[in-house]
Amino acid sequence: MRRIRAGIIGTGLIGPVHIGALKRMPYVDVHALADAGDDLAQKRAKDFDIPRFYGDADSLIADDQIDAVHICVPNHLHYPIAKKALLAGKHVICEKPLAVTAEEALELAETAERSGLVHAVHFNLRYYPLMRQLQQMVSRGDFGRIFSVHGSYLQDWLFYDTDYNWRLETNLSGPSRAVADIGSHWMDLIEYVSGLKIRAVYADLATMHPVRKKPKQETATYANMMAESGEYTEVPISTEDFAAILFRFENGERGVLTLSQVSAGRKNRLAFELDGSRQSASWESEQPNQLWIGRRDKPNEIMLKDPSLAYPEAAGIMTLPGGHNEGFHDASLALLSEVYEDIRRGSASKPPAYPSFADGCRELQIIELILASSRDQCWKELP
Ligand code: SOE
């Protein structure tokens, strides 16, 4: 079996999730990693037992032994690194959002398509096994017509004005925060499971902490450094902590989403309900192994993740029997397994089951529409 060599750029919060998944794949070697400077890269390579390290992304891309590059760095670097990697002939797996503007994302999607290489965006939440089960149930007509989809994605890691991270800085993260960071996951998941396509949005965005206290020391995602250092500078914040968004789908049906990164007690909770003409479904990411099915004329049901009870397409991405819970790491493994099957074959399936750069570009177009809608306080439609 031909072995595939991967290179990881960035080892903050999400890079290690990519590394962990790749190390569980029988025909993939994590060949090298790159991080900011030789010292950090060397330390991280030692931590993860990866043979090679580079102090910058360009050097890793220039390594001709690497087949696939994973981009796990702050958002503003996705576009330049992904472009270079594609032009160097590497398959690319990029973190979300694909870029900071729709224009950049479109260029990447077009370059990727022309290249014939495999390209994917790490929207791993759609790879929780019950999400594939739900997608199959909807596409087989088990829910009938989908009347509406409504839900939220709530977090509390930016609850205090002393919580700080690079995602708060527009030059690193882009013009949108809550929508691009967590709303993009919700929208990708909803379009995937329901088969509905967003056509128009009406959004109201708000920033609860217009000034935050930036610790003088660098802060890791989900870590509150204030408690340790107490030294900070006050910085103005222009991106949203909160968003309320109405959706109109291409077939005329409706959706509603609430996003917040300042909801105390909600750690990282994506939730939604999908109301169909036959039955409803409800799911949330903090309890990913159970799917509630709501009925009018018979008792409701809770479906537990169990390959022996799921449709074959969903059973196929379950790695363990019922009662053995699968989580965030497993969702990334399931996504990367499908991506690497294509890499092994040498080209992307058409259309791929996994989120491609075209999907990543679509998310950026919707994000820009949401920002424009909130600014102008009116409905905005995709062209
Ligand atoms: C931070 O809000 C974050 O790490 C996101 O960037 C991820 O995509 C999400 O999985 C969890 O929260």
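Counting convention: from 1, in listed order, for ligands and their atoms alike.
- With ligand atoms numbered from 1 in the order given, ligand 1 contributes 11 (C), 12 (O) to contacts under 4.0 Å with heavy atoms of Asn268.
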message: Could you go through Glu169 and Lys214, starting from their C-alpha distance and side-chain angles, then the distance that decides it, and tell me whether this counts as salt bridge (charged side-chain N to carboxylate O under 4.0 Å, His left out)?
response: CA-CA 10 Å; Glu169 301 187 3; Lys214 177 177 181 174; 2.8 Å; yes
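- Set against the non-hydrogen atoms of Tyr153, the atoms of ligand 1 under 4.0 Å away are 9 (C), 10 (O), 11 (C).
- No part of Phe123 comes within 4.0 Å of ligand 1, judged by heavy-atom distances.
- Every atom of ligand 1 with a heavy atom of Trp157 under 4.0 Å away is listed here by number and element: 1 (C), 2 (O).
- The pair Asp38-Lys43 fails the salt-bridge criterion, with no side-chain N (NZ, NE, NH1 or NH2) lying under 4.0 Å from an Asp/Glu carboxylate O.
- Less than 6.0 angstrom separates the ring centroid of Phe123 from the ring centroid of His185.
- At a heavy-atom cutoff of 4.0 Å, ligand 1 is contacted by the side chain of Leu13 but not by its backbone.
- By the 4.0 Å N-to-carboxylate-O rule, Lys90 lies too far from Asp67 to be salt-bridged with it.
- Contacts between Ile14 and ligand 1, counted as non-hydrogen atom pairs separated by less than 4.0 Å, are absent for every part of the residue.
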task: Applying salt bridge (charged side-chain N to carboxylate O under 4.0 Å, His left out), run through Arg295 and Glu301 and close with a yes or a no.
output: CA-CA 8 Å; Arg295 304 207 175 90; Glu301 187 179 295; 3.0 Å; yes
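- Residue Glu95 places no heavy atom under 4.0 Å from ligand 1.
- Short contacts between ligand 1 and Lys96, defined as distances under 4.0 Å to a heavy atom of the residue, involve ligand atoms 5 (C), 6 (O), 7 (C), 8 (O).
- Side-chain atoms of Ser332 and His122 include a donor-acceptor pair closer than 3.5 Å.
- Near Gln261, the atoms of ligand 1 lying under 4.0 angstrom from a non-hydrogen atom of the residue are 2 (O).
- Between Glu284 and Arg269 there is a salt bridge, with a side-chain nitrogen of the basic residue lying less than 4.0 Å from a carboxylate oxygen of the acidic one.
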